J.: 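Submitted below is the structure of interest, expressed as structure tokens.
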Protein chains: 2
Amino acid sequence: MRNQTARSREERLTMQVVNHIRAMIEDGRLKPGDKIPPEREFARMLKISRASLRTGIGYLAAMGVMKVRHGVGTFVADGPPEIGKASLGLMGALHGFQPWQMFEARLLLESSLAALAAERGKEEHLTVLAEEVAEMYATVDDPQEYLIHDVRFHRTIAQASGNPILAALMETVTSTLYEERRKTVEYARNLKESAETHREIYRAIRSKNGAEARKLMAEHLRVAQSEQERETQAGALERELTPRLKARRTKSQS
Amino acid sequence: MRNQTARSREERLTMQVVNHIRAMIEDGRLKPGDKIPPEREFARMLKISRASLRTGIGYLAAMGVMKVRHGVGTFVADGPPEIGKASLGLMGALHGFQPWQMFEARLLLESSLAALAAERGKEEHLTVLAEEVAEMYATVDDPQEYLIHDVRFHRTIAQASGNPILAALMETVTSTLYEERRKTVEYARNLKESAETHREIYRAIRSKNGAEARKLMAEHLRVAQSEQERETQAGALERELTPRLKARRTKSQS
DNA sequence: TCGTGCAGAGAGGTCAGACCTCACGGAAAC
DNA sequence: GTTTCCGTGAGGTCTGACCTCTCTGCACGA
């Protein structure tokens, strides 16, 4: 990787930066959580201007591969993999994605994920699932808190499936839905019932019953979908009846 | 009545640009294929420096929402939606994605997509599918050309499913696999048989037999996976046996 | 008439360096 | 011991000049 000026005519500097970092990741010089050199220094090392380096880093950041923290530094992402998470919203606006399509995608992914988790789930995953279920029961009166464990439960199943790609795809779809849910979960009812359902899913996975886990998960998500629709409506209704909350400008409500 | 300037604390300029363009897309001022104003002019309009504007555009380009063409202009993407396509490779290097996981994800998505296509496919989609199958038969002796129609066939099924989100997810996974395939397809055999399989899938979809379509597609992809593995091996083997390709001077070895 | 080639305009790509803002940690003040 | 303040390092933004790529249209020659 000396001077590969040969391909310079084909590759913009942005891509050179991306490829350089990609190479560093591939041969282990960079691992999730690592910090890359300061921009000024790195730019000098690569013999390019800081502006160009920043373009490349911006590209990687947009894809979720790097995480930039103002005043601190730039790091390699270390959380659960997310594929083009931020773009789903944009693509949605661009191509007119419908909510039901989102749910359909989720249903498909998660029910299969549950089945895989039942087949391949390790003891450690089962433990976490059990804990999250317990937490759900314990927080049925605190919707926001409940939601956190709900999300974790589903995320753990995704991990237990043993396929990080599918897990990442699920994360992509779910995160958008989750944003919406956080605003409406206050209007939820039957959280107890919801916890009950999660427990059943857990039991199916624990007993390695893939078919059952798939079926329960699918059903759970169907219920969740109609529940979400109801909550959204309830939220909209209340906001209409009590506009005193704040004349906050709802920037977009689809 | 705080304007957007109030949020400068919270939102980096990059995001302002992204949100501005997002808004333009959402209210229809921008549609796929449209060209945005030249950077210098646009920057003046938004009252920010060209550098910042470029950062924002770079972000959108990275996510596949915009397409930048040197010397020509910047456009809103107009092809089939792709979610974080470019990032899959990076994420793979970062989290160690395995080929079998890629195939598993594909199998899951495409078999369901085929089932949905059987249920919802419109006449126009069926027509295209039929054409592609015909083209496949016609190009069994030209692997590269065959591949093109192969890809189109699968893409059309995705479109026919009526769920652009799932289609986009499939596109994300498949494009990576496709890159690999293009290099090894030369070593393919049984393209005729492959065309036959596609035809059967088409027939299942045409007769609105979702279950059958799902089953055939799943089977097809399993075969495709092992075939890919064989081709890769064949390719590697040949490259090993004939290292002369690199030695410029073909000193009459044949 | 037709084709070729080249120059100019428009638009994105890169650069350099100065200055702003933020996060953090250690020193000074209380 | 706790709190406050400020220096340092790192990312964020700006300016404006210059480079490179595309496309187009006109002039020239076959």
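So that the names make sense, note that chain A is the first sequence line, chain B the second, and so on, each numbered from 1. Since this is a predicted model, take the numbers as computed values, not measurements.
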J.: Identify, with sequence neighbours excluded, every residue that meets ring pair (Phe, Tyr, Trp, His ring centres under 6.0 Å) alongside Phe153(A).
T.: His198(A)

J.: State which residues pass side chain to side chain donor-acceptor pair (under 3.5 Å) with Gln101(B); sequence neighbours excluded, sorted by chain then number.
T.: none

J.: What is the distance, to the nearest angstrom, from the CD atom on Glu39(B) to the C1' atom on dT20(D)?
T.: 13 Å

J.: Please identify each residue that fulfils side chain to side chain donor-acceptor pair (under 3.5 Å) with Thr127(B), with sequence neighbours left out.
T.: none

J.: Does Gln228(B) have any side chain to side chain donor-acceptor pair (under 3.5 Å) partners at least two apart in sequence or in another chain, and if so, which?
T.: Thr184(B), Thr232(B)

J.: List for me each residue that meets salt bridge (Lys or Arg N to Asp or Glu O under 4.0 Å) alongside Arg44(B), sequence neighbours excluded, and say none if there are none.
T.: none

J.: Once salt bridge (charged side-chain N to carboxylate O under 4.0 Å, His left out) is applied, what residue pairs with a partner in residues 133-145 of chain B remain, sequence neighbours excluded?
T.: none

J.: Got a sec, which pairs hit side chain to side chain donor-acceptor pair (under 3.5 Å) with one end in residues 55-78 of chain A, sequence neighbours left out?
T.: none

J.: Can we say Arg181(A) and Glu231(A) salt-bridge, meaning some charged N sits less than 4.0 Å from an Asp/Glu carboxylate O?
T.: yes

J.: What residues form a salt bridge (Lys or Arg N to Asp or Glu O under 4.0 Å) with Glu39(B), not counting sequence neighbours?
T.: Arg50(B), Arg54(B)

J.: Got a sec? Which of residues 41-60 of chain A come in under 4.0 Å of DNA chain D, heavy atoms?
T.: Arg50(A), Arg54(A)

J.: Test of understanding: with side chain to side chain donor-acceptor pair (under 3.5 Å), list the residues that count as partners of Glu186(A), not counting sequence neighbours.
T.: Gln144(A)

J.: Without decimals, in angstroms, what is the distance between Arg40(B) CZ and dC19(D) P?
T.: 13 Å

J.: Tell me: NZ of Lys35(B) to P of dG10(C), nearest whole Å?
T.: 12 Å

J.: For nucleotides 5-7 of chain D, list the nitrogen or oxygen atoms of the protein found under 3.5 Å from its nitrogen or oxygen atoms, one pair per line.
T.:
none

J.: In residues 66-76 of chain B, which residues come under 4.0 Å of DNA chain C by heavy atom?
T.: Val68(B), Arg69(B), His70(B), Gly71(B), Val72(B), Gly73(B), Thr74(B)

J.: In this structure, how many angstroms lie between the C1' atom of dG12(D) and the CE atom of Met15(B), rounded?
T.: 13 Å

